[in-house]
Amino acid sequence: MDRKFAIKDPLAESRLFLSRIVAAFILILFLIVGLVVRLVYLQVVGHEHYATLSKDNRIKISPLPPTRGVIYDRKGRMLAENVPTYSLELIPEQIADLDDTLKRLQQLLNISEEKIDAFQKLRKRNKSFTTTPLLQNLTDEDVAKFAVVRPYFPGVDVYARLVRHYPYADLAAHVVGYVGRISEDELKKLPLEQYRGTDQIGKIGIEKYYESHLLGTAGYEEIETNAQSRALRTVSTVEPVAGSNIYLTLDIDLQKIAYDALHEYNGAAVAIEIKTGGVLVFASRPGFDPNPFVSGISAKDYKALKDSEDQPLYNRALRGLYPPGSTMKPFYALAGLEYGVIDYGHRLFCPGYYKLPNVDHKYRDWKKWGHGMVDMNEAITESCDVYFYDLAMALGIDKMSGFMHKFGFGEKSGIDLVGEVDGLMPSKEWKRRYRNQAWFPGETVITGIGQGYTQVTPLQLARATATLANYGKVVNPHLVQEIITPDYAAPPELRIVPDIPLKPANVDNILRSMTNVVHSPRGTAKLIAKNINYQIAGKTGTAQVFTVKQEEKYNEDAVDFKMRDHALFIALAPVHDPQIAVAVIAEHGGHGGSVAAPIAAEIIDAYLNQTKDAAP
C-alpha cells in the first residue's frame, strides 16, 4: 500500500510568518524610536542652531560703510573730501569661474595685472559673500562698456561709492596725509567690526592721527534672498554713523605762499600762531600727490617717488633734521643772561677767529677779518661767531643743553601728527651713553653756533621762537582746531608743559637784538625790512653741510649745489605784540638773510595783512 506525503507544513509556515512579523515590528519600532529621538533633537536640543542656519540661508548681512569725516582748513576750505565715483566690484561666491571672469573683465576694461593681483590679495582677506572692489574710479565709458555685457557677468556689478579726494594735492599732502588700502599687518590689529564694508584706513598725517574720529561707525542691512542669492527685500537696516568733520588751524593760502616761495629749494616752513599754538603753515617741499594712493598707486609710480633724490615722501617739517646754525644764538645769549655768566653790555674783541687756551686750532668767524669789539646786541645783529664761541665756553655744554631742552630742542613737541622725531641737543651724558666717549671742549665751542652734534627740526625752531616771543610761556603746536560731530564740537586736547621762568628784562634785550637783525643797517636780514610798516624780530642761520679744513676757504660757487650750506631763518612779528612765529629752512640755499628770510617775510606779511583785513 502506497504511503502519502504532506506537501505543506502548516505549523512550520505559521512559525516562519510569526517570526517575520516580530522582526518587522522590532525594525519599525526601532525606526520610530530613532525618528522620535531625531525630532526631539531637531525641535528641542538643536532648535537654536538650525533656526540660525535656516535664517542665514535666506537672510544676508550687507555692511553699510560710514561716510568718512571731511577735513577743512581754518577758513572752511576742504582739504580732504569724499567724491562720488563708480567702482567695479565682485562677489566671489556668486561666480562659478572666477579666473575666467577676471580674464574677460581684463580684456573688456583693460585692467592691469597689478590691479588683478591686488584684487586677489584683497579677496582672500574678505568673506566670499562680500563685495570686493576690482576697479575704482570708473570712467563713463567704462560704465557704459560694462552695462552692455552685464548679464554675462553674474556676481559682478558697478556700485556708486564715495572715494577720498585731496583737492590741494601736493600742497598739503604731508599735513593732511592720505587713506589707502588696509594692509595685512594692519588687519591683524584692527577691530574688524569697525571696518565692515571698508578696505581703507588713514596712512599718514591727520588722516592717520585722527583715524578713530574720521572713520565713523559702520551700519548694516539684513537682506532677504532667494535660492539664487538674489536680493528680494530689505528686512531691517542699521544706519551707519558718519565720521566727525575736522577743522584744522592750517591756512591753505599761507601754506601756498610758503610752498611757492621755497620754489627751487627743497626745504620746509612752519608758522605758528603764538597766542593759540595753532599751526598756520606746515609746508614741506617737494610734496607729492596723495590721490593715487587712495585707490592703490602703481608699483612704478611708487618706486619713482621712493627713489627720487628729492625725497618727496619725506616730511621735512616734521622729520627733517638739520644743524640749526646761528638761529640758536639768541637762545644761547638768553641762557648766558639767565645764568648770570654774562651781561648784555659785555664787550669782546673778535679778530675773525677763536682759540682755546694752549691749542693752535682756529675756530673761524664767518667774517674773515672779524667784527672788532662787539657786545651782545651787535653779536646777535651781525651774527658774530667768536662772541658765541666764547659764551659757549663760559656756559659749558651741560648748562647749554639743559636750557635748550626747556625750549623743546632735543624732544618731540607733541604735535598731532604721527612720526615726529626728537632731534638732538647734545650733552656730556648723551655722548658718554650713545658714543661711549668723553666730551671735548672743542665740541662745546662749535655747539655755541649751532653746529656739531646739534640737530633740530623746523617745527622745533618755530615752537622755540614762539615760546621766546611768549616770554617763556610754552607754546604747544597743534593742527586741529575743532572736531565736529553730530552731537558736539570739541577742541583738541593739548598737553600741559611747564612754562620757562625767564626774566622779562632779559627777553626784552634778546628781542631788541633780533629786531636789529632785520631793521638795523648792519643786520644780516636787513633786506626784508623794506616796504613794511611793522617790525620783525628774526635771526639768520647758515648751517654747514660739510666741514671746511683749516687751510681751505669755503667758496660757494666752486662746490656742488648739494654741498652748499643750508639757509635758515627764524622770526616773530609784530615785535610790539607778537602774533606769528616762523621758521624756514631752504636746503643748500647758502645764506639765511638772502634766501630763507624773504620766504618768512612773505608768510608774515600775508598773515598780518589778512588779520588786519579781518579786524572789525
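These values consider heavy atoms only, across backbone and side chains, with no hydrogens, waters or symmetry-generated copies.
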| Are the side chains of Leu250 and Arg74 in touch, meaning some heavy atoms are under 4.5 Å apart? | no
| task | Report the residues that fulfil side-chain hydrogen bond (donor to acceptor under 3.5 Å, both in side chains) with Ser383, sequence neighbours left out, ordered by chain and then residue number. | result | Ser326, Lys329, Lys539
| field | Distance-only polar pair, side chains of Tyr259 and Ser284, donor-acceptor under 3.5 Å | value | no
| query | Any idea which heavy atoms bring Pro574 and Gln579 closest together, and the distance? | reply | CD-CG, 3.8 Å
| message | Side chains of Gln610 and Asp251: any donor to acceptor distance under 3.5 Å? | response | yes
| request: Take Met514 and Val575 through the test side-chain contact (heavy atoms from CB on, under 4.5 Å) and record every step on the way to the result. | output: CA-CA 10 Å; Met514 291 176 68; Val575 174; over 6 Å; no
| request: Can you label the angle between the Phe407 ring and the Phe403 ring as parallel, tilted or perpendicular, going by 30° and 60°? | output: tilted
| query | Are Trp366 and His591 close enough that their ring centres sit under 6.0 Å apart? | reply | no
| task | Would you check if the side chain of Asp365 reaches a backbone N or O of Gly370 as a donor-acceptor pair within less than 3.5 Å? | result | no
| Non-neighbouring partners of Arg347 that pass salt bridge (Lys or Arg N to Asp or Glu O under 4.0 Å), sequence neighbours left out | Asp375, Glu378
| field | Test item: Thr381 side-chain N/O and Gly523 main-chain N/O as donor-acceptor pair under 3.5 Å | value | no
| task | Can you label the angle between the Phe288 ring and the Tyr178 ring as parallel, tilted or perpendicular, going by 30° and 60°? | result | perpendicular
| message | Quick check against the 3.5 Å criterion: does His519 have a side-chain atom that pairs as donor or acceptor with the backbone of Val517? | response | no
| request: Drop me the distance from Asp398's CG to Lys428's NZ, to the nearest 0.5 angstrom. | output: 5.5 Å
| If you draw a 6.0 Å radius around NZ in Lys75, do more than 12 non-hydrogen atoms from other residues or ligands fall strictly inside? | yes
| task | Taking all non-hydrogen atoms of both residues into account, name the closest pair between Val270 and Ala317 and its distance. | result | CG2-CB, 3.9 Å
| query | How far apart are the C-alpha atoms of Ile604 and Ile536, what are their side-chain angles, what is the distance that settles it, and do they pass the side-chain contact (heavy atoms from CB on, under 4.5 Å) test? | reply | CA-CA 9 Å; Ile604 291 170; Ile536 298 174; 4.2 Å; yes
| query | Which is it for Gln311 and Arg316 under the side-chain contact (heavy atoms from CB on, under 4.5 Å) test, yes or no, and what are the steps along the way? | reply | CA-CA 9 Å; Gln311 295 182 288; Arg316 289 167 164 81; 4.2 Å; yes
| field | Residue pairs fulfilling salt bridge (Lys or Arg N to Asp or Glu O under 4.0 Å) with at least one residue in residues 202-213, sequence neighbours excluded | value | Arg68-Glu207, Arg68-Glu211, Arg164-Glu207, Glu186-Lys203
| task | Keeping the roles fixed (side chain from Asp499, backbone from Val474), state whether a donor-acceptor pair exists under 3.5 Å. | result | yes
| query | Quick one: OH on Tyr389 to OG1 on Thr444, what's the gap to the nearest 0.5 Å? | reply | 13.0 Å
| query | For Ala261 and Glu602, which heavy atoms make the closest approach, and how far apart are they? | reply | CB-OE2, 3.8 Å
| Distance-only donor-acceptor check, side chains Tyr534 and Asp605, under 3.5 Å | yes
| remark: For residues 303-329, the ring pair (Phe, Tyr, Trp, His ring centres under 6.0 Å) pairs (sequence neighbours left out) are Tyr322-His566
| note | The side-chain contact (heavy atoms from CB on, under 4.5 Å) partners of Val475 (sequence neighbours excluded) come to Ile272, Ala466, Thr467, Asn470
| request: Mind checking side-chain contact (heavy atoms from CB on, under 4.5 Å) for Ala258 and listing every partner two or more places apart, or none if nothing turns up? | output: Ala269, Val281, Ala283, Ile603
| query | Going through the checks in order, is the side-chain hydrogen bond (donor to acceptor under 3.5 Å, both in side chains) test met by Asn506 and Glu338? | reply | CA-CA 7 Å; Asn506 291 337; Glu338 288 291 318; 2.9 Å; yes
| query | Which distance, rounded to the nearest 0.5 Å, do you find between the NZ of Lys303 and the CG of Leu305? | reply | 11.5 Å
| task | Under the salt bridge (Lys or Arg N to Asp or Glu O under 4.0 Å) rule, collect the residues that match up with Asp73, sequence neighbours excluded. | result | Arg77
| message | Tell me every residue that passes side-chain hydrogen bond (donor to acceptor under 3.5 Å, both in side chains) with Glu443, counting only those two or more places apart in sequence or in another chain. | response | Lys431, Tyr453
| task | Could you check Lys306 against Asp301 for salt bridge (charged side-chain N to carboxylate O under 4.0 Å, His left out), going step by step and ending with a plain yes or no? | result | CA-CA 9 Å; Lys306 186 172 177 289; Asp301 290 343; over 6 Å; no
| Candidate pair Thr249 and Glu273, rule side-chain contact (heavy atoms from CB on, under 4.5 Å), full reasoning | CA-CA 9 Å; Thr249 60; Glu273 198 170 46; over 6 Å; no
| note | Hits for side-chain hydrogen bond (donor to acceptor under 3.5 Å, both in side chains) against Gln535, two or more places apart or cross-chain, chain-then-number order -> none
| message | List the residues meeting side-chain hydrogen bond (donor to acceptor under 3.5 Å, both in side chains) with Lys526, not counting sequence neighbours, and say none if there are none. | response | none
| message | List the residues meeting side-chain contact (heavy atoms from CB on, under 4.5 Å) with Asn531, not counting sequence neighbours, and say none if there are none. | response | none
| field | Pairing residues for Glu382 by the salt bridge (Lys or Arg N to Asp or Glu O under 4.0 Å) criterion, not counting sequence neighbours | value | Arg522
